[in-house]
> 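My questions all concern the structure below.
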Amino acid sequence: MQVKDNTFLITGAASGLGAATAERLVAAGGRVVLCDLSEAVEAHAETLGEAARAVRGDVTSADDIQAAVDAAVALGGERGLAGVVHCAGVVSVAKLLDREGNPADLEAYVRTVQINLVGTYNVMRLASAAMAGNAAGEDGERGVIINTASVAAFDGQVGQCAYSASKAGVVGMSLPAARELSRHGIRVMAIAPGVFETPMMSDIPEDAVAALSAAVPFPKRLGRPDEFARLAEQIVTNPMLNGEVIRLDGGIRMQ
Ligand SMILES: NC(=O)c1ccc[n+]([C@@H]2O[C@H](COP(=O)([O-])OP(=O)(O)OC[C@H]3O[C@@H](n4cnc5c(N)ncnc54)[C@H](O)[C@@H]3O)[C@@H](O)[C@H]2O)c1
């Protein structure tokens with residue numbers, strides 16, 4: 001599928017990986033609907049000009065995501081919604097037991113899973129319903145869904161029970177979703193980033209950033225948001241990429 005003249009829904013598009021993906025797809029001639037809880041999504045859409053629209057919304061809400069999908073279908077005209085790059089997510093850290101041996105807060109766990117995992121399912125189900133009605137392109141292709149996992153799905157660290165579980169769930173859905181949606185000509189992929197320079201990581205102290213950078217075999221630095229966007233663009237344009245999770249991490253394996 002080409003990016004040019006196609007329309008994509010990008011969640012988490014106010015910031016970080018989603019914002020960079022929106023920029024790259026617009027630069028490649030695509031149109032984008034930027035969806036995010038944050039009001040900053042409106043200003044980012046404005047910087048992208050006529051090719052972009054903003055929809056404030058929560059990925060866990062059926063109504064909000066239906067509105068974002070509808071906006072993308074309208075922006076896409078005859079071609080409808082061609083693809084989704086789902087980047088909205090939250091990070092969380094909590095040990096099962098604190099220093100005094102008290103159990104962790106259950107609501108915080110549920111919130112992380114609700115946004116990162118249930119939100120991903122919500123976006124997939126509503127976007128695929130719209131894409132299934134598209135006219136088939138080359139090879140019968142009607143759409144592509146790119147989800148965002150994390151290396152924490154595989155190498156979770158202490159305190160990452162909720163985050164790792166939510167991202168492992170995203171990994172786990174890739175193949176069954178790709179298999180199911182294949183009859184509609186819709187591909188499903190996930191990207192599992194290592195550590196990227198985004199606002200999500202801005203609270204990490206400088207010495208921790210230096211240690212994380214040193215732990216990357218090559219290149220010895222954090223990933224840049226446009227490197228994620230480049231992979232998303234490649235997945236859109238390469239029809240053989242389906243049902244797989246790609247680590248994008250410079251070879252890092254978390255301790
Ligand atoms: N930055 C990294 O190092 C890294 C590594 C691995 C995975 N990831 C994943 O990549 C994705 C993007 O992260 P980022 O680094 O760009 O973070 P970010 O914080 O810069 O951007 C995330 C965006 O998601 C939005 N968001 C959060 N909850 C939402 C909700 N319920 N509904 C709609 N929007 C919501 C936020 O408002 C924000 O704009 C996340 O899923 C994250 O878990 C990031």
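As the structure lists them, so they are numbered: ligands from 1, and atoms in each ligand from 1. The figures that follow rest on heavy atoms only: side chains count, while hydrogens, waters and symmetry mates do not.
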> Suppose we measure from atom 27 (C) of ligand 1 to each protein heavy atom; which comes out shortest, and what is that distance?
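Looking only at protein heavy atoms, the one closest to atom 27 (C) of ligand 1 is G89 O, 3.6 Å.
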> With a 6.0 Å cut-off (strictly less than), is the heavy-atom count around CZ of R253, excluding the residue itself, greater than 12?
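Yes - once you tally the heavy atoms of other residues, nucleotides and ligands closer than 6.0 Å, there are more than 12.
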> Looking at atom 40 (C) of ligand 1, what's its closest protein heavy atom, distance included?
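Nearest protein contact, heavy atoms only, for atom 40 (C) of ligand 1 is C87 O, 3.3 Å.
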> Using heavy atoms and a 4.0 Å limit, tell me yes or no: is V91 in contact with ligand 1?
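Checking ligand 1 against V91, which is what was asked, there is no heavy-atom contact under 4.0 Å.
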> Kindly identify the option in R111, Q114, M200 whose heavy atom sits closest to atom 19 (O) of ligand 1.
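Result: the heavy atom closest to atom 19 (O) of ligand 1 is in M200.
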> Taking R111 first and then D105, would you say they form a salt bridge - that is, a charged N and a carboxylate O separated by under 4.0 Å?
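Looking at D105 together with R111, the answer is no, because their closest N to O distance does not fall below 4.0 Å.
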> Mind checking whether F228 has a heavy atom under 4.0 Å from ligand 1?
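Contact check F228 vs ligand 1: negative.
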> Applying a strict 4.0 Å limit to heavy atoms, is G194 in contact with ligand 1?
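Judged by the 4.0 Å heavy-atom criterion, G194 does count as contacting ligand 1.
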> Taking atom CZ as the centre, does F154 end up with more than 12 heavy-atom neighbours from other residues, nucleotides or ligands that are less than 6.0 angstrom away?
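Yes, the 6.0 Å shell around CZ holds more than 12 heavy atoms from other groups.
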> Does ligand 1 have any atom sitting under 4.0 Å from a heavy atom of G57?
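Under 4.0 Å: yes for G57.
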> Please determine whether the number of non-hydrogen atoms from other residues, nucleotides or ligands lying under 6.0 Å from atom NZ of K220 exceeds 12.
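Yes.
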> N6 and Q2: side-chain donor and acceptor closer than 3.5 Å?
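Note: N6 and Q2 side chains miss the donor-acceptor criterion.
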> Does any non-hydrogen side-chain atom of I186 lie less than 4.5 Å from one of I145?
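Side-chain contact under 4.5 Å: yes.
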> Does ligand 1 have an atom under 4.0 Å from some heavy atom of P225?
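It does not, in that no heavy atom of P225 comes within the 4.0 Å cut-off of ligand 1.
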> Ignoring hydrogens and geometry beyond distance, is a side-chain donor-acceptor pair present between T60 and D58 at under 3.5 Å?
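T60 vs D58: donor-acceptor pair found between side chains.
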> Relative to ligand 1, is I115 under 4.0 angstrom through side chain, backbone, both or neither, heavy atoms considered?
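Within the 4.0 Å criterion, I115 contacts ligand 1 through side-chain atoms alone.
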> Does T60 come within less than 4.0 Å of ligand 1, judged by its heavy atoms?
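Judged by the 4.0 Å heavy-atom criterion, T60 does not count as contacting ligand 1.
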> Quick one: does H86 get within less than 4.0 Å of ligand 1, heavy atoms only?
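Contact check H86 vs ligand 1: negative.
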